[in-house]
Amino acid sequence: MHANACSHTSGSRPRTPPLPILLYDGSCGLCARSVQFILQHESASRALQFATLEGPTGESARRARPDLAGVDSVFWVEPATDSGVPRVLVRSDAVLAVMTHLGGPWRVLARIGRFIPRVSRDALYRIVARYRYNVFGRDQSCLLPTPEQRARFLD
């Protein structure tokens with residue numbers, strides 16, 4: 001990826017800030033349904049991009065954070081800050097970030113969820129993750145986004 005190092009100058013358009021990315025298991029039925037739910041229920045801002053953990057964007061994110069190489073989870077990746085390091089949330093923290101993104105009653109539930117200790121939230125997340133294929137199956141078909149949504153899928 002090549003980034004333009006130029007800052008805003010007269011006559012040029014300001015660059016739009018990078019958007020958060022939700023990395024998900026592309027073969028998980030629960031994950032595919034969750035992405036569809038997000039697309040249907042998010043606010044009009046639609047400020048979220050999607051990519052599978054198995055694709056180039058997911059692989060790049062894992063290489064950038066070797067400490068997360070073995071983590072089998074949904075990832076919420078926020079754009080890099082001035083330090084050049086993106087903020088990455090996994091497991092229940094990623095789910096709470098999605099809920100906050102959705103807004104409305106989901107944001108309220110996310111705030112309540114933050115009162116539950118992360119170790120407890122992540123334990124519940126791991127139980128759901130362990131049985132997700134048994135309950136929701138493996139999604140053998142690809143999500144077919146609308147043309148408007150397609151631009152938000154990175155790979």
Do you know which two heavy atoms are closest between [X] and [Y], and how far apart they sit?
X	Y	answer
Ser27	Glu54	N-OE2, 4.4 Å
Cys31	Asp25	CB-O, 3.4 Å
Val71	Asp67	CG2-O, 4.4 Å
Gly55	Asp155	CA-OD1, 4.0 Å

Report summary line: Here the salt bridge (Lys or Arg N to Asp or Glu O under 4.0 Å) pairs for residues 98-118, sequence neighbours left out, are Asp93-Arg118
Does a side-chain heavy-atom distance below 4.5 Å link [X] with [Y]?
X	Y	value
Val77	Leu23	yes
Arg91	Arg126	yes
Val98	Trp106	no
Phe50	Leu154	no
Leu48	Leu19	no
Val74	Val90	no
Arg62	Leu53	yes

Query raised in the report: Is the shortest side-chain N to carboxylate O distance from Glu42 to Arg152 below 4.0 Å?
Result: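 Yes, charged N to carboxylate O under 4.0 Å.
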Report task. Answer yes or no: is there an ion pair linking Asp72 with Arg132, defined by an N-O contact shorter than 4.0 Å? Result ->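 Looking at Arg132 together with Asp72, the answer is yes, because their closest N to O distance falls below 4.0 Å.
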Query raised in the report: What distance separates Gln149 CD from Gln36 CD, expressed to the nearest 0.5 Å?
Result: 9.0 Å
Query raised in the report: Between CD of Gln49 and OG1 of Thr57, what distance do you get to the nearest 0.5 Å?
Result: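 Those atoms lie 8.5 Å apart.
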Query raised in the report: Do Leu68 and Ile21 share a hydrophobic cluster, counting only Ile, Leu, Val, Met, Phe, Trp and Tyr and linking them when any side-chain heavy atoms are less than 4.5 Å apart?
Result: yes
Within the side chain of [X], is there an N or O that forms a donor-acceptor pair under 3.5 Å with the backbone of [Y]?
X	Y	answer
Ser120	Ile116	no
Asp122	Ser92	yes
Thr100	Leu96	yes

Requested in this report: I would like to know whether Leu30 and Val135 meet side-chain contact (heavy atoms from CB on, under 4.5 Å); could you show each step before the answer?
Outcome: CA-CA 8 Å; Leu30 173 61; Val135 176; over 6 Å; no
Report task. Check which hydrophobic residues are tied to Val119 through side-chain heavy-atom contacts below 4.5 Å, counting indirect links as well, and list them. Result -> none
Query raised in the report: Looking only at side chains, do Ser73 and Tyr125 share a donor and an acceptor under 3.5 Å apart?
Result: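 On atom types as modelled, these side chains qualify, holding a pair under 3.5 Å.
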Query raised in the report: What about Trp76 and Tyr24, are their ring centers closer than 6.0 Å?
Result: no
**Report entry** CZ (Phe37) with more than 12 external heavy atoms under 6.0 Å
**Finding:** yes
